[in-house]
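Throughout, protein chains are lettered first and strands after them, A, B, ... in sequence-line order, and every chain is numbered starting at 1.
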Amino acid sequence: MLSVEGIHSYYGKAHILNDLSFRIGRGEVVALLGRNGAGKSTTLKSVMQLVRPRSGRVVFQDSDLVGAPAFRVAKSGIGYVPEDRRIFTDLTVMENLEVGRQPRRDGAPVWTVEQLFEIFPNLAERRGNRGKHMSGGEQQMLTIARTLMGNPLLLLLDEPSEGIAPVIVEQMAQTILKLKAEGLTVVISEQNLHFARVVADRAIIIEGGEKKFDGSFAELEAHPEIRDAYLSV
Amino acid sequence: MTEILRVENLKKSYDGFLAVNGVSFAVQQGELKALIGPNGAGKSTCFNMLMGQLKPTAGQVFLDGENITGKQPRDIWRKGVGRTFQITGTYQSMTVIENVQMALMSHHRKLFAMRPRAWKLFRGEAFEFLETVSMADQADRPCSILAYGDLKRLELAIALTHRPRLLLMDEPTAGMAPSARIALMQLVADIVQDQGVSVLFTEHDMDVVFAHAHHIMVLNRGALIADGSAAQVRNNPQVQDVYLGGGTLFKEAQDA
Amino acid sequence: MAFFFAQFLTGLANASSLFLVASGLSLIFGVTRIVNFAHGSFYMLGAFVGITLMNVLPGTVGFWGAILLTGLAVGAIGAFVEMVVLRPIYRAPELFQLVATFGVILVIQDLALMIWGAQDRMGPRAPGLRGVWRIFGEPVPKYDLVMIAITPFILFALWYLITKTRVGVLVRAATQDREMVGALGVNQAWLFTGVFALGSALAGWGGALQLPKGGADLLMDFNIIGSVFVVVVIGGMGSLPGAFIAAVLISVLNVFGVTYLPQSTLVLMFVVMAVVLIIRPYGLLGREEVAGEHGQVGAPETPIRPYGRLGQTLVGVLLLALVALPLVVDQFMLILLIDMVVFALFAASLHFILGTGGLVSFGHAAFFGGGAYAAALLVYHLNTPMEIAFLFAPFAAGLLALGIGWFCIRLSGVYFAMLTLAFSQLVWSMAYQWRGLTRGDDGLVNIWPSSWLSDTIPFYYFTLAFGIGGILVLRHIIHAPFGYALRAGRDSPRQAEAMGIHVKRIQHTAFGLAGLMAGLAGGIFVFSKGSVFPTELEIGASFDALIVVFLGGVKTLAGGVVGAGFLTVIEDWLTRLEYWRLLLGLVIIAVVIIAPEGIVGTLRSRWAKLRGHNEEVVK
């Protein structure tokens, strides 16, 4: 479904991603693991074209996304949930969801506001509240719900567990498993190995902008030296 | 032990929304105390009221028995409170050592001096502070090209320049690699030990909190739900319920 | 009573056009965060296009059709400007955007001159609405009542659009985080273009609607921009109802002012604004800007160092050359050099508060002109000796800056900029309208230096001593602890306050100092020209200085001085051409887009690249 082929990305002069390649199959949940600064967020942003790779290709459903504006990437069926949440704090919950609304598309699960409120009951209670008066966990739920309003085929989640209470992290894991059951393809960048192991089928480890491991969690278990070298848990 | 900071029934509301709802606690001299809780629980709002960035809606803050409620940050700083921020706010157009010198110029009340050449002032003293946080080798690099973890250490050096009695650190290790987190908190713990400074910090990394904090407070929806030792907090059923979680989902994974 | 009511209605009618223009500016600012100085130009275009269309289209339908079409046409021009000029610079600092829109003003001014000529045009009467209706026995023009009736509908329509429609939700979301809106599948580039077009169309409608009451002329753009900014600032930036209330307030006051205090019409508006801002710093319905760390955009400034031996030698050689110059060049050249030094000091004083202090002042001419007027008034009215009058110039300008600064420093960013602009307009309107003191636009003349300075060569040395001396003092202060504290407050006010720095007090002092130096430049200026006119206090004069600082490079210490030299030469050459504004405007826009670091900044990065150490600054 998604094929990242040899991308190089930069922040100003800093070379962040170095010849990174991986593939994501339909219906998979894949975790991008790695230390802070390893390039996980940049990878997701490079898929989304929020950071434009200087070379390489990002092929989604047979078309190369490199150079397309971010809104086209979103329209092609990729939903992006940024790490710092970035909800519209002056808008109400309902208005935030409205911004994310896109027409339904073939092959992707279709979401309505009511369905999302079933998955995120907290949001239903607060539908008229402005974003700035919500807790961090609720804001995180809202960003995911907002992105789902676009009926994406592929969901990119950037560090969904960062900065929220451990108890909410558990709920978040349940939610992602639910999305997976709906048939959504998900890529998660994560530092929390426990969390990743619960929700993901496969792990990709990135270090210094390069891929160091790509395989199942069972394989990762079998090579503790990899885990110790790149994840420093 | 003497009490350095006392907070009584602190409240903050933003157009009708109670972000902090009646928080009271105390920090003892030489204590390393953590304030934890989910994002949006009101931790940063609390910090901003302690240091004067925000005016409390109600309640009082006492530093060494003196009421400092609603005073300006600069005045609270002069009374011996240092602060680091969640997102570092160092001076990007200055070198590393100039950032420390700036704090020293303020400490020595040279801010309105128009004559002496500033980059020579207090350079030696600034250098010593950089050595405390092992940043001396980067003294003359522009601040704008520092790695994130180095910025955090620089911020700590800056916060120490006026020999504070109390240090407020907002997520001192956020965004750092696990090994760097431990190193930084060890440094803070050493400073607490050596200089008798009290430290109040917020943190999301439970490993850091349980490894270093003498006491832990848990904030949820603007109210303190626990205040005690690590063991007390860990076993508090309410804390487990709203914050730490039962860990059932991760139990197997962790055991595996 | 009836007379009062009729007056009130006239005020309401005037408010209608002002509100249209102001709401457009407010809308554009709310979404794009760009303070569009060219907004007055769209208003002027609306008037000219409206007249042209009204001449073509006959009858009542033609009249209203022409107004409608005018808005659409001006909206289309606005969309074009947005796509060509603004799209590349949305991420640039405020000053860059301001300078770019100023370039647009110049271009539109000359294009209007080319197309419509220099004569003022009378607006046609609205068909069927020529006469008056009597209300309580007082005549009220029919057209006024129609305008009063239209305005609430426009306000409601805009309010509905912003709060109730999907487009409005997207617009408000984009105001907050445009990148995220894009990542959610919304083409934010078109959203911005659309908002800019709508805002421009509103200005165009404002220009066309006022035609039957006024007309069209080439000064309309600058004449309206002052009032529009006042309205937007009083109402609260980004607030439509606020803009409406403020437009009514200002227009009604203005009508009564004309009747009862005809000498104070211009001043009155600014007094109201000052009063409102003392009580509510963010305007009547404006909201406090969240104090974030968004002052610096783009690459941070490199740490400053005084010149090394090479630099010092070069500056020394340059100074020696300046001192030796009278031996070789003619008088005309010396006069140009005096202008250049005066302008360089003026620009350096603006650079001090803008570059080092991070406070973008849009009204710095108030202190330059203020200093010039202070000296001239003493000489003119009291026959004060030149030496004393000259020293009074920086003193008075410094005091004026401290006074204006007391209001302005409490705000930051765009609010600060707008308020400085409004205060400089206040000073300008006093010079313009207080004829008994200032002789209005006849200016103060025969302000000549003492006899020992009356020749060009002594005055040239006098200029060098005070002009270059002032620049060196400023540089010295930048390297002193005070300059460091000023930069600390600019880089991170939050951190500075948390280390005991009273940021506002530092900034207030710096503002006073910058005013003092601008006043010094003004003092030299008035005695070199022998006269001073209100033009020295105009928005245009402030903008000249801003452009100079920008051209030279904001993030470089020498930027102001180098830019001043550059612009004096360029202007001397360009103004010989007929459509020099057009050329200058295009040059400015090109520089903003192509070389945003300015002359010194660009040269420095080239130099650094050449030496290959742009990562580290070698001590």
Side-chain angles (χ1 to χ4, degrees), chain B residues 15 48 51-54 72-79 81-85 87-122 138-145 155 158-159 161-162 164 168, chain C residues 287-288 290-306 355-356 358 473-506 508-510 513 554-557 614-619:
Chain B
D15 28 76
N48 285 336
M51 189 69 194
Q53 276 92 7
L54 281 175
Q72 292 290 331
R74 54 178 180 270
D75 299 326
I76 294 175
W77 180 84
R78 293 224 180 263
K79 292 186 187 301
V81 183
R83 156 134 207 211
T84 69
F85 293 91
I87 298 158
T88 53
T90 45
Y91 308 127
Q92 295 284 297
S93 72
M94 299 183 195
T95 62
V96 169
I97 196 161
E98 281 173 343
N99 265 275
V100 184
Q101 285 170 286
M102 188 72 248
L104 288 167
M105 285 181 227
S106 178
H107 181 48
H108 295 290
R109 297 188 180 270
K110 291 276 183 232
L111 292 175
F112 282 87
M114 304 272 181
R115 271 186 54 84
R117 309 222 130 183
W119 71 93
K120 287 183 185 158
L121 277 174
F122 313 119
Q138 305 203 52
D140 288 308
R141 298 186 80 197
C143 201
S144 52
I145 61 172
E155 234 196 339
I158 292 170
T161 48
H162 66 314
L168 304 173
Chain C
R287 283 187 315 171
E288 186 169 351
V290 181
E293 302 289 284
H294 52 67
Q296 291 278 301
V297 189
E301 198 176 318
T302 46
I304 58 168
R305 275 285 174 275
T356 311
V473 167
L474 281 174
R475 278 194 74 98
H476 192 82
I477 293 173
I478 289 171
H479 289 294
F482 181 79
Y484 272 65
L486 188 59
R487 280 196 296 147
R490 173 198 68 189
D491 282 2
S492 176
R494 184 193 64 185
Q495 175 86 44
E497 284 282 332
M499 61 164 65
I501 301 176
H502 193 330
V503 173
K504 296 293 181 197
R505 187 177 291 162
I506 296 272
H508 194 184
T509 311
L513 209 59
V554 183
K555 292 178 179 177
T556 59
L557 290 185
N614 43 6
E615 290 290 332
E616 289 273 355
V617 171
V618 176
K619 224 193 113 206

* Asked: Can any side-chain N or O of Arg83(B) pair as donor or acceptor with the backbone N or O of Ala498(C) at less than 3.5 Å?
  -> no
At a heavy-atom separation under 4.5 Å, does [X] approach chain C through its side chain, its backbone, both, or neither?
X         : answer
Arg117(B) : both
Ile76(B)  : neither
Leu121(B) : side chain
Glu155(B) : side chain
Met105(B) : side chain
Met102(B) : both

* Asked: Side chains of Tyr91(B) and Gln495(C): do they bring a donor and an acceptor to under 3.5 Å?
  ->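 Looking only at side-chain atoms, Gln495(C) and Tyr91(B) do not form any donor-acceptor pair under 3.5 Å.
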For the [atom1] atom of [X] and the [atom2] atom of [Y], what is their distance to the nearest 0.5 Å?
X         : Y         : atom1 : atom2 : result
Trp119(B) : His479(C) : CH2   : NE2   : 6.5 Å
Ser93(B)  : Asp491(C) : OG    : CG    : 3.5 Å
Glu98(B)  : Arg487(C) : CD    : CZ    : 6.0 Å
Met499(C) : Leu104(B) : CE    : CG    : 9.0 Å

* Asked: Can you name the residues that form a side-chain contact (heavy atoms from CB on, under 4.5 Å) with Ala510(C), not counting sequence neighbours?
  ->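 Here the qualifying residues are Phe352(C), Ile353(C), Phe482(C), Leu486(C).
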* **Test side-chain contact (heavy atoms from CB on, under 4.5 Å) applied to Ala139(B) - qualifying residues, sequence neighbours left out** => Ile97(B), Phe127(B), Leu130(B)
* Asked: What residue, out of Gln72(B), Arg78(B), His162(B), Gln53(B), has the most heavy-atom pairs lying under 4.5 Å from chain C?
  -> Arg78(B)
* Less than 4.5 Å apart, any side-chain heavy atom of Tyr484(C) and any of Leu111(B)? -> no
* With a 4.5 Å cut-off on heavy-atom pairs, point out which of Ala480(C), Gly483(C), Pro481(C) contacts chain B the most. => Pro481(C)
* To do: Tell me, yes or no, whether the heavy-atom count around Arg505(C) atom CZ, taken from other residues, nucleotides or ligands under 6.0 Å, exceeds 12.
  => no
* To do: Of all the heavy-atom pairs spanning Gly500(C) and Ser106(B), show the shortest one and how long it is.
  => C-OG, 3.6 Å
